[in-house]
Amino acid sequence: MLPVILALGVTACGSLPKAAPNYSVHDFGPLDSATLRPLGFPIRSVEVVPAPWLASTAMQYRLAFTQPTRRQVYLESRWAAQPGQLVELSVKRSMKTSETAVSSSGCRLRVDLDEFVQLFDGEARSRGIVEARAALLAPRTDQLIATRGFAVTRPAPTPDAVGGVMALREGVLQLNRELLDWLEAIDKEGAARTGGSVRARCSA
């Protein structure tokens with residue numbers, strides 16, 4: 001009888017839920033005030049739409065030198081939210097200064113996040129890659145005013161999850177700067193070419 005009881009005890013123990021492993025949770029941290037820049041026309045909303053493979057909090061990496069087609073994830077590190085949500089918050093924060101804050105009227109900025117990954121070119125060499133497509137849409141009609149693709153790469157200081165976080169954070173900050181540069185440029189180009197600036201269209 002004793003062996004049977006022991007066996008049942010082992011089976012019962014094996015069916016008990018296992019404690020969740022400890023893992024680190026990361027976001028982009030505080031933004032430097034230098035990254036906040038005024039925009040000359042109102043933005044009603046900012047929406048970042050992630051690709052399906054980015055719709056989780058998993059921290060992804062790719063070993064380009066051995067398995068270039070395989071996406072892998074760190075087991076002991078996670079994002080605090082899905083990458084699209086983190087990028088959206090960062091873009092909104094970079095634009096939110098005084099009267100140029102995201103408002104109830106104005107154009108809509110849609111950003112499709114196509115890639116957000118740490119890419120290893122070698123065992124000790126990696127970089128963060130952020131790829132996105134932005135579209136500026138007119139008030140009420142959502143007519144396309146302008147669109148542009150962005151591809152940002154930043155080296156990781158260390159070949160691990162923390163290095164990937166730092167590289168992707170720098171990549172997102174660079175994406176913010178390039179987005180604002182682009183929006184300012186199309187506003188000036190529209191005014192110079194047709195006399196009708198993006199500012200006027202977004203304020204209509």
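Start at 1 with the first residue, then count along the sequence.
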Over all heavy atoms of both residues, which pair between [X] and [Y] is shortest? Give the atoms and the distance, please.
X	Y	value
R154	G171	CG-N, 3.8 Å
A80	D27	CB-CB, 4.2 Å
G163	Q118	C-NE2, 4.3 Å
A81	L86	O-CD1, 3.7 Å
H26	V165	CG-CG2, 3.7 Å
R108	S45	CG-OG, 3.0 Å

With the 4.5 Å side-chain cut-off for hydrophobic clustering, are [X] and [Y] part of the same group?
X	Y	answer
L136	V46	yes
V172	L54	yes
V117	L175	no
I129	V49	no
L119	Y61	no

Take L89 and F28 through the side-chain contact (heavy atoms from CB on, under 4.5 Å) test and state the conclusion after the steps. CA-CA 10 Å; L89 177 61; F28 299 149; over 6 Å; no
Would you check if [X] and [Y] make a side-chain contact, meaning some heavy-atom pair closer than 4.5 Å?
X	Y	result
M95	L180	yes
C107	P139	yes
V198	L183	no

Taking NZ, NE, NH1 and NH2 as the nitrogens, is one of them in E115 or R71 under 4.0 Å from a carboxylate oxygen of the other?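 Salt bridge present between E115 and R71.
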With a 4.0 Å cut-off on N to O distance, would you call K188 and E184 a salt bridge?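 No, K188 and E184 are not salt-bridged.
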Rounded at 0.5 Å granularity, tell me how far [atom1] in [X] sits from [atom2] in [Y].
X	Y	atom1	atom2	answer
D112	E47	CG	CD	8.0 Å
R110	T147	CZ	OG1	10.5 Å
L109	I43	CG	CD1	5.5 Å
M59	R78	CE	CZ	8.5 Å
Q174	D181	CD	CG	8.0 Å
S94	L179	OG	CG	7.5 Å

Under 3.5 Å donor-acceptor, [X] side chain and [Y] backbone:
X	Y	result
D142	L137	no
R44	G106	yes
Q60	W53	yes
R133	G149	no
T57	Q82	no

Test side chain to side chain contact (heavy atoms under 4.5 Å, CB included) applied to [X] - qualifying residues, sequence neighbours left out:
X	answer
T158	D160
T69	none
R125	D121

Are F65 and F120 close enough that their ring centers fall under 6.0 Å?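 No; F120 has its ring centre 6.0 Å or more from that of F65.
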Show your working on side-chain contact (heavy atoms from CB on, under 4.5 Å) between V111 and V91 and close with a plain yes or no. CA-CA 10 Å; V111 179; V91 173; 5.6 Å; no
Begin from the C-alpha positions of R148 and F150 and carry the test side-chain contact (heavy atoms from CB on, under 4.5 Å) through to its verdict. CA-CA 7 Å; R148 181 186 159 183; F150 298 85; 3.6 Å; yes
Evaluate the side-chain contact (heavy atoms from CB on, under 4.5 Å) criterion for residues L168 and W79: first the C-alpha distance (whole Å), next the side-chain angles of each, then the deciding distance (0.1 Å), finally the verdict. CA-CA 11 Å; L168 288 166; W79 292 112; 3.7 Å; yes
